[in-house]
**Student:** 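Please find one structure pasted underneath; my questions will follow.
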Amino acid sequence: MQLEPATLAHLARFQALKKSPLSAHEYGLLLVEVVSGRVWAAVDAAGAPLAIGGTLPPADLSTPGRTWLSVVPEVARRLRPALRLMRRRLDEDAAAYPAGVVCVVFDANMAGRRLAALLGFIETERMADRLRGAREWRLPACPELSTR
C-alpha cells in the first residue's frame with residue numbers, strides 16, 4: 001500500500017469501486033482538487049485506489065484547514081498499512097496551518113469515528129451539523145513537522 005498524488009485515473013477508478021458514487025456536483029469539486037494537486041490516493045499493490053483524501057486550505061490562517069477522506073466500503077483491514085502514511089501526511093498538513101486541521105464525522109458513523117481516531121483526530125463538542133449529528137474532529141498543529 002502506498003500514498004501517492006491522486007490522478008484523474010485514480011478518481012475514475014475510485015468512483016467505480018464506491019458502492020455509493022459521488023454526485024455530479026461532488027465529482028466536479030473533486031476534479032478541481034485533483035487537478036490542483038491537493039488530493040492523494042492510498043493505492044494497493046494492484047493499483048486500486050482504496051481511499052482518497054486531502055486538506056482544503058483555510059480562508060485565513062486563523063481557521064483550520066478542512067481535511068476529508070473517502071474510503072471504498074469494506075476495505076478497513078486492507079487500509080491498515082496505509083494509516084501510518086496517511087497520519088504522516090495529515091500531520092504535515094496540520095503543521096502547515098497555525099490552527100491545525102479539522103474533519104467532520106457523523107456521530108452514527110462508527111467506522112468514520114474509528115478511522116478519525118486512528119488518524120490522530122480528537123473529537124470535539126463542536127457540532128458541524130446539529131440536525132444530522134455531524135461533529136468536528138480536530139488534529140492539532142505539529143510545528144516540528146512543518147515543511148511548508
**Student:** State, to 0.1 Å, how close Pro49 and Phe14 come at their nearest heavy-atom pair, and which atoms those are.
**Tutor:**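 Pro49 and Phe14 have their closest heavy atoms at O-CD1, 3.3 Å.
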**Student:** Please identify each residue that fulfils side-chain contact (heavy atoms from CB on, under 4.5 Å) with Val71, with sequence neighbours left out.
**Tutor:**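 In terms of side-chain contact (heavy atoms from CB on, under 4.5 Å), with neighbours along the sequence ignored, Val71 is linked to Ala51, Leu69, Val75, Leu79, Leu115.
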**Student:** Hydrophobic clustering (ILVMFWY, side-chain heavy atoms < 4.5 Å, transitive) - are Val32 and Trp40 grouped together?
**Tutor:**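 Hydrophobic grouping puts Trp40 apart from Val32.
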**Student:** Partners of Arg84 by side-chain contact (heavy atoms from CB on, under 4.5 Å), sequence neighbours excluded?
**Tutor:**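 Residues passing side-chain contact (heavy atoms from CB on, under 4.5 Å) with Arg84: none at all.
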**Student:** After noting the C-alpha distance and the side-chain angles of Val104 and Trp68, does the key distance pass the side chain to side chain contact (heavy atoms under 4.5 Å, CB included) rule?
**Tutor:** CA-CA 8 Å; Val104 173; Trp68 60 273; over 6 Å; no
**Student:** Determine, for Arg113 against Asp107, whether the closest basic-nitrogen to carboxylate-oxygen distance falls under 4.0 angstrom.
**Tutor:**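 Yes, this pair counts.
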**Student:** Please say yes or no: joined through hydrophobic side-chain contacts below 4.5 Å, possibly via intermediate residues, are Val43 and Met1 part of one cluster?
**Tutor:**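 No, it is not one cluster - the side chains of Val43 and Met1 are not joined through contacts under 4.5 Å.
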**Student:** If you look at every heavy atom in Ile52 and Ala41, which pair is closest and at what distance?
**Tutor:**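 Nearest heavy atoms, Ile52 then Ala41: CG2-CB, 4.0 Å.
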**Student:** Indicate, with yes or no, if Leu31 and Val39 share a hydrophobic cluster defined by side-chain heavy-atom contacts under 4.5 Å among Ile, Leu, Val, Met, Phe, Trp and Tyr.
**Tutor:**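 Yes; tracing contacts between hydrophobic side chains, which count when under 4.5 Å, links both residues.
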**Student:** Would you compute the distance between atom CZ of Arg138 and atom CZ of Arg126 and round it to the nearest 0.5 angstrom?
**Tutor:**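 Answer for the CZ-CZ pair, Arg138 versus Arg126, is 8.0 Å.
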**Student:** Is there a path from Met127 to Val105 through hydrophobic residues (I, L, V, M, F, W, Y) whose side chains come within less than 4.5 Å of each other?
**Tutor:**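 No.
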**Student:** Please answer whether the main-chain N or O of Gly47 pairs with a side-chain N or O of Arg13 as donor and acceptor at a distance below 3.5 Å.
**Tutor:**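 Looks like yes, one N/O pair under 3.5 Å.
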**Student:** Which value, rounded to the nearest 0.5 Å, describes the distance between Arg38 atom CZ and Leu56 atom CG?
**Tutor:**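 Output value for this atom pair is 6.5 Å.
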**Student:** So, for Gly120 and Arg87, which heavy atoms are closest and what is the spacing to 0.1 Å?
**Tutor:**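 Looking at all heavy atoms of both residues, the closest pair is CA-NH1, 3.2 Å.
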**Student:** Does some side-chain heavy atom of Pro57 sit less than 4.5 Å from a side-chain heavy atom of Tyr97?
**Tutor:**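 Side-chain contact under 4.5 Å: yes.
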**Student:** Write down the atom of Trp137, the atom of Ala116, and the distance for their closest heavy-atom approach.
**Tutor:**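 Answer, listing the atom of Trp137 first, then Ala116: CE3-CB, 3.7 Å.
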**Student:** Show your reasoning for whether side chain to side chain contact (heavy atoms under 4.5 Å, CB included) applies to Leu118 and Met86.
**Tutor:** CA-CA 10 Å; Leu118 285 170; Met86 288 183 210; over 6 Å; no
**Student:** Take Leu30 and Gln15 through the side chain to side chain contact (heavy atoms under 4.5 Å, CB included) test and state the conclusion after the steps.
**Tutor:** CA-CA 11 Å; Leu30 192 50; Gln15 178 78 344; over 6 Å; no
**Student:** With clusters defined by side-chain heavy atoms of hydrophobic residues (ILVMFWY) lying less than 4.5 Å apart, directly or transitively, does Ile122 cluster with Leu119?
**Tutor:**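 No; tracing contacts between hydrophobic side chains, which count when under 4.5 Å, never links both residues.
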**Student:** Distance from Cys103 atom SG to Arg135 atom CZ, nearest 0.5 Å?
**Tutor:**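 Result: 12.5 Å between the selected atoms.
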**Student:** Identify which one of Val101, Thr63, Val102 satisfies the side-chain contact (heavy atoms from CB on, under 4.5 Å) criterion when paired with Pro58.
**Tutor:**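 Per the side-chain contact (heavy atoms from CB on, under 4.5 Å) rule, the option paired with Pro58 is Thr63, out of Val101, Thr63, Val102.
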**Student:** Do Thr67 and Phe121 have side chains that approach each other closer than 4.5 Å (heavy atoms only, starting at C-beta)?
**Tutor:**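 Thr67 vs Phe121: side chains touch.
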**Student:** Kindly compute the distance separating CG (Asp93) from CZ (Arg66), expressed to the nearest 0.5 Å.
**Tutor:**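 Rounded to the nearest 0.5 Å, the CG-CZ separation comes to 14.0 Å.
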